[in-house]
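Here the structure comes first, spelled out in structure tokens, and everything after it is commentary.
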Amino acid sequence: MAAYWPSLIGGMLIGLSAAVLLLINGRIAGISGIVGRLAQGADIASNGAFVLGLVLGPVLYLLAFGAWPAVTITASWPLLILAGLLVGFGTRMGSGCTSGHGVLGLARLSPRSFVAVASFLAAAILAVAVIRGVGA
């Protein structure tokens, strides 16, 4: 059970930060939307603070636990780049990313978020099946 504590605490902090952002600013904590608005120069202070918090998260983890978060990536760089581009394309098509639809959209009972999350899950299951079938 101890191995799940960092994930549990991280999930709770994501939910808490999303709820605080919604209550204080009336904004959905969709990372793609926040980064998009920041890139367009809109509301630089709050969008920049949110993105800065994302970047500094691992540093806070280091300070709290004395080691960087353990991350193991076994995929190749070309596969990671392709996956990132597909996620970015899908995010624009779906008017939001997994955090916006999955964390807040489902909590708000948004019908389009239910469709989006079902699409994310189906695409993830298909991608894993294809990758394992191909042996990448």
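Reckoned from all heavy atoms, side chains included, excluding hydrogens, waters and symmetry mates.
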What residues, two or more places apart in sequence or in another chain, satisfy side chain to side chain contact (heavy atoms under 4.5 Å, CB included) together with Leu86? Leu82
How does the hydrophobic cluster around Ile24 look, that is, which other residues are in it when side-chain heavy atoms under 4.5 Å mark a link? Leu16, Val20
Connecting only ILVMFWY residues whose side-chain heavy atoms lie within less than 4.5 Å of each other, what is the rest of Val87's hydrophobic cluster? none
Look up atom CG in Leu22 and atom CG in Leu104, then write down how far apart they are to the nearest 0.5 Å. 6.0 Å
Report yes or no: do Ile44 and Leu21 belong to one cluster of Ile/Leu/Val/Met/Phe/Trp/Tyr joined by side chain heavy-atom distances under 4.5 Å? yes
Spatial distance of atom CG (Leu52) from atom CG (Asn47) [nearest 0.5 Å]: 12.5 Å
Considering only Ile, Leu, Val, Met, Phe, Trp and Tyr, and joining two whenever side-chain heavy atoms are under 4.5 Å apart, list the other residues clustered with Ile73. Val71, Trp77, Leu80
Taking transitive links into account, so neighbours of neighbours count too, which hydrophobic residues share a cluster with Leu23 at under 4.5 Å side-chain distance? none
Residues in side chain to side chain contact (heavy atoms under 4.5 Å, CB included) contact with Val117, at least two apart in sequence or another chain: His101, Leu106, Phe120, Leu121
Quick one: side chain to side chain contact (heavy atoms under 4.5 Å, CB included) partners of Ser7, sequence neighbours excluded? none
Non-neighbouring partners of Phe89 that pass ring pair (Phe, Tyr, Trp, His ring centres under 6.0 Å), sequence neighbours left out: none
Under the ring pair (Phe, Tyr, Trp, His ring centres under 6.0 Å) test, which residues partner Phe114, sequence neighbours left out? none
Does Ile14 have any side chain to side chain contact (heavy atoms under 4.5 Å, CB included) partners at least two apart in sequence or in another chain, and if so, which? Val103
Any Ser113 side-chain heavy atom under 4.5 Å of Arg108 side chain: no
With side chains defined as the heavy atoms from C-beta onward, is the minimum distance between Ile81 and Pro78 less than 4.5 Å? no
Can you tell me how far apart CD1 (Ile131) and CG (Leu79) are? Round to the nearest 0.5 Å. 5.0 Å
How long is the gap from CG on Leu60 to CG on Leu63, to the nearest 0.5 Å? 6.0 Å
Test item: Phe50 and Leu38 side chains (from C-beta on) under 4.5 Å apart, heavy atoms: no
Enumerate the ring-ring contact (aromatic ring centres under 6.0 Å, His included) contacts for residues 52-74, please, sequence neighbours excluded, ordered by first and then second residue. Tyr61-Phe65
Applying side-chain hydrogen bond (donor to acceptor under 3.5 Å, both in side chains) to Ser46 and not counting sequence neighbours gives Asp43
